[in-house]
Every structure is written in C-alpha cells, then in structure tokens.
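Fair warning: this is a prediction, and the values are worked out from it, not measured in the lab.
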Amino acid sequence: MKRLLILLLMGLCLPRLAGQTPLPESDFLSAVLAHHPLAAQAALLDDAAAAYLQKTRGAFDPKFFAQDKSKSYSGTSYYDYRGAGLTAETRLGIAVDAGWNEADGTYLNPESTLPDAGLWSVGATVRLGQGLFTDARRTALRQAEAYVTLNAAQRTAALNDLLLNAATDFAKWYKAHQAAEVAREAERLALERLDGIRASLIGGDRAAIDTVEARLRWTTRKMEAARAATLLAEARAKASSWLWDPAGRPMALTPSNVPTYPGDPNARTAWVRTTLLDAGARTARWPAHPFAEALTAKTTAAEAEIRLRRELLKPQLDARFLALSETGGTFDLENDYALELKAALPLFLRKERGNLALAQIEAENIALDRQAKAWKWETEAIGAGTAWADVLAQWRSARESETLAAQLLAAEEVKFQVGESSLFLLNSREASWLKAQKERIEAEVQLALAWRRMGWIWGEPTP
C-alpha cells in the first residue's frame, strides 16, 4: 500500500518531470484488498462469528441470585425469607447449584421452616431422558463453532469476488489506456503523412487528390483519438473507485498513472499444469476451498440440529438432588437431602417429528448442494486450465502479428518514399498495423483476466 501511495503521489506531483508513472496490477489489487470498504466489510464476518460464539458460550455462564421476601402486618412478622446462591449449566447436560437460605416468622409455612442459623445446599440436576446427550444450549454452541468456519469461508469468498471485480476494471482501464495510446500514435502518423504529402505536392511529386485523402485520414484519426481519450477517462474513473487510503478516503488516479501487467506470463503455465489440470492437486484443494468449507460448516450445523430434534423425541426425566447442611455443620448425604423427580412426554410428538423431518431435509439439501458445487468447481478448474494454453497461444500470435504488421508498414513506407507504392497501399498497411496492435491489446487483456479467473476458481484471493 505504501508503494501505491508513492506511485500516486508521483503521478500527482511529477507529471511533467517524470512523464508517466507505471502502476502494476499487483500493487493496485493489494491496495484494494487492504483498504476497500468491501474488504473491511468482509472482515466483519469474522468479528460477527466471534461475537456469536461468545454469545452462545454465555448460556453456560454461572448465575448468582439472591432474594428477600417478607410480610408484616399489625406489628406481626408473618414470614421472612432470605437466600442467595449460584447456579450454572455445564456442557455435560448437568446443572449444578449451591445456595444458602434462612427463614423465620410467626406464620411461616411448615415446609419452609429452616434451622435458626440457616441452611446450605449443594447439588445438581441430571437429565436422564431428554437433554442427556444434547440440548438447545449445546446445539447452539456447536452451531456457533461451525459458523466461525462458515464466516471465515464467506470472508475468503467475498475477498475473492472483490479481487476479480477490481481486476476486471483494471483490465478495462489498461485496455482503454493502450487504445488511447494507439489512437494518439495513429493521429500523429496521419498528421506527419499529411505534412509530407503537402510538401511533395509543392515540389510536384504528388497529386492534389492525395492531400484530400491524407487530410480525411487525419481528421478521422483525430476524432478516434478524442473518442479513445473519453473512454480512457471513464475507465480510469471506474478503476479509481476501487482505491481508498488507510484513513478511509477515496484515492483518485491521474492521467500520469499508467496501468501495467507483468512482462512474461509463460511461467504461469507450470502452475496451471500442476494445480488446475492435476487431479491430485484438485482433490487435495477442494476440502479447503471457500465453497467446500462453507458447506462443511453448514453440514456440521445441520447435523447438530438433527441431534437436537432427535433428542426432543425422548421423554423428559429430570432428577434434582441437593445435599443439605445447617450453617456451621457438615453434609450428611444419607439423612439430610432434598430430591425432586420430574417426568413429561407429549402424547403424539407431531411437532417434534415434523421438526426432525425438516432438519433432515435441510441436511440432505446441503449434501446435494455440496455435490453439485464440487462437480461444477471441478469442471470449471479443468476448463480454465485447458483454455489457458489457447489464450496464451493467442497472445503470442497477436504479438507476432503486430511485429510482422509493423515490418510490412515500414517496408511500404520505404517504397512509398521512392515512388513505388501508392497512398492507398500505405494506408492499408497502416490500418493492418493498427488493427494488429488492437488485437494484441485485446489478447493481453484476455490473458490477464484468464489468469485472474483461474485464481478466483481456485479460491485464493492473491494479488
């Protein structure tokens, strides 16, 4: 990012001294990933997952409680209850609690009568039926842990999309810049030829009609250069929309900033061959792909939901045991205790069975989605890897065609100067050369986008 800031400042402050300031695609994309609001928004997915996990863990936090309940009438104390304690749910499905209670009063309920010094209690609630293996709290925790993985995968996928979209607009800017350069060069050549033909006309070496054709060619090229400059300004502005500084302020590209690509893409062929086109590499990659990780997390969450729904089909059977002791005394588990048993079972379980069926359907949908996405990714990887050789060959051919067209134009220019060629043939050679340049530019853009798309398919947002 620091490098990009320097390049942009050079473009703002030194356009006349340095001319043009190259801006490599890798620096452009690094800046996008570092400071674009969508990148920051993607980072919030990790924060949201961590917050949700913290929230679900809070269901197991111990709780302190206290109470003081009394009644007095006409100077008589009917009852006075006081107590405090601590309770907590564990991840084993057992609730533990401890407390102290004291009670006195003239009309105290006999079952609430306690020792004068108060009574301590320590015990636990064990769920022997429903809730023994899982419950809503433990299910929510498992799902929150799965969502951490899910959100991390979604963050990677979001950055991958961001990178591809930014690279696409960078390619459009590059194409518009190169097209504008070609158009300006074409205009300059047309003007030079017009001046030369005018000089030859004065010397009696050219017909007057040649100046008309040369001037027509020059005005046409001038119009094309103006149109190309307009398209370049629009493409540069769109590329600028991806750039933000560390303080969150938009950064603007200037006409002196020139988009550039790496010189030789041939070295990338080895990566294509050893990854996209290698079955073993694809098999190893797929489980770590953002799509696969997201679906794995969804599967984990769905399986936790199914376990919960199956658990809710069981009868509820809770046993609560409390060991009691007078303040200052000892616990006698054989004689001093409180025991509570509670059982319940819905008669038809229609709601519970329906929820279980829906949870199973959701898990099946996720499995089918995973199967479809895996095959789609496989075919896209193979297709992109196979097409790379053709795109690279097209780029090489376009470069060679441009070189050959330039050689033919140079030869035709020599023949024209010695009177062995016509202005029509010279213009035809020049048109072929300009067309070859545009085709080379298009091939460069297609090659760059093909590389970026392969990175997007592979699932690694790397500038």
Side-chain angles (χ1 to χ4, degrees), residues 8 10-12 14-23 25 28 168-201 206 209-241 252-261 395 398-399 401-413 416-417 421-446 448-449:
L8 290 178
M10 289 174 63
L12 289 169
L14 305 174
R16 291 187 178 86
L17 296 179
Q20 295 179 330
T21 306
L23 178 57
E25 183 203 31
F28 177 85
T168 300
D169 282 341
F170 183 90
K172 292 178 180 178
W173 176 36
Y174 176 84
K175 181 178 179 180
H177 172 77
Q178 292 293 321
E181 290 288 313
V182 171
R184 281 194 293 268
E185 179 65 13
E187 179 190 2
R188 185 188 65 80
L189 291 175
L191 180 59
E192 284 185 358
R193 185 159 296 119
L194 175 59
D195 292 339
I197 291 175
R198 281 173 175 171
S200 298
L201 175 63
R206 294 290 175 187
I209 192 64
D210 286 346
T211 61
V212 177
E213 183 176 350
R215 184 171 181 82
L216 174 61
R217 182 56 60 95
W218 174 62
T219 55
T220 301
R221 297 280 173 76
K222 188 176 182 180
M223 178 182 63
E224 292 174 350
R227 184 185 300 115
T230 301
L231 295 176
L232 172 59
E234 293 174 352
R236 186 191 302 115
K238 193 166 185 179
S240 295
S241 67
L253 295 166
T254 68
S256 62
N257 293 124
V258 178
T260 62
Y261 282 121
W395 170 73
R399 284 165 57 93
S401 297
E402 180 185 11
T403 301
L404 294 175
Q407 293 174 356
L408 289 175
L409 175 59
E412 201 68 40
E413 181 74 31
F416 181 78
Q417 293 296 336
S421 180
S422 65
L423 182 60
F424 174 80
L425 289 175
L426 183 61
N427 286 337
S428 178
R429 293 294 189 191
E430 186 178 273
S432 297
W433 173 63
L434 294 174
K435 181 181 178 181
Q437 288 190 81
K438 293 177 181 178
E439 290 177 347
R440 184 262 305 165
I441 295 168
E442 180 66 26
E444 285 181 345
V445 170
Q446 292 303 319
L449 290 179

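Pairs engaging residues 426-439 under the side chain to side chain donor-acceptor pair (under 3.5 Å) rule: Arg193-Glu430, Glu213-Asn427, Arg221-Glu430, Glu412-Arg429 [sequence neighbours left out]. For residues 222-239, there are no side chain to side chain donor-acceptor pair (under 3.5 Å) pairs, not counting sequence neighbours.
The two atoms that bring Ala180 and Ala228 nearest to each other are CA-CB, 3.8 Å, heavy atoms only. Nearest heavy atom pair, residue Ala239 against residue Leu253, reads CB-CD1, 3.9 Å. Residues Thr168 and Leu449 come closest through the heavy atom pair CA-CD2, 3.8 Å. Shortest non-hydrogen contact noted between Thr219 and Leu216 is OG1-O, 2.9 Å.
With rounding to the nearest 0.5 Å, the separation of CG in Leu404 from CG in Leu408 is 7.0 Å. Rounding to the nearest 0.5 angstrom, the gap separating the CD atom in Glu413 from the CG atom in Leu189 is 8.5 Å. Summarising the geometry, atom CZ belonging to Phe28 is positioned 10.5 Å from atom CG belonging to Asn257; distances are rounded to the nearest 0.5 Å. The line from NZ of Lys172 to CG of Leu231 is 12.0 Å long, rounded to the nearest 0.5 Å. Interatomic distance, CZ of Arg215 versus CG of Leu191, reported as 9.5 Å (0.5 Å rounding).
Partners of Glu187 by salt bridge (charged side-chain N to carboxylate O under 4.0 Å, His left out), not counting sequence neighbours: none found. Partners of Tyr174 by ring-ring contact (aromatic ring centres under 6.0 Å, His included), not counting sequence neighbours, listed by chain and number: Tyr261. Remark: Glu442 pairs with Lys175, Gln446 by the side-chain hydrogen bond (donor to acceptor under 3.5 Å, both in side chains) rule, at least two apart or across chains. Residues passing the salt bridge (charged side-chain N to carboxylate O under 4.0 Å, His left out) test with Arg184 are Glu181, sequence neighbours excluded. Judged as a side chain to side chain contact (heavy atoms under 4.5 Å, CB included), and not counting sequence neighbours, Ala179 has no contacts. Residues passing the side chain to side chain contact (heavy atoms under 4.5 Å, CB included) test with Thr403 are Gln407, sequence neighbours excluded.
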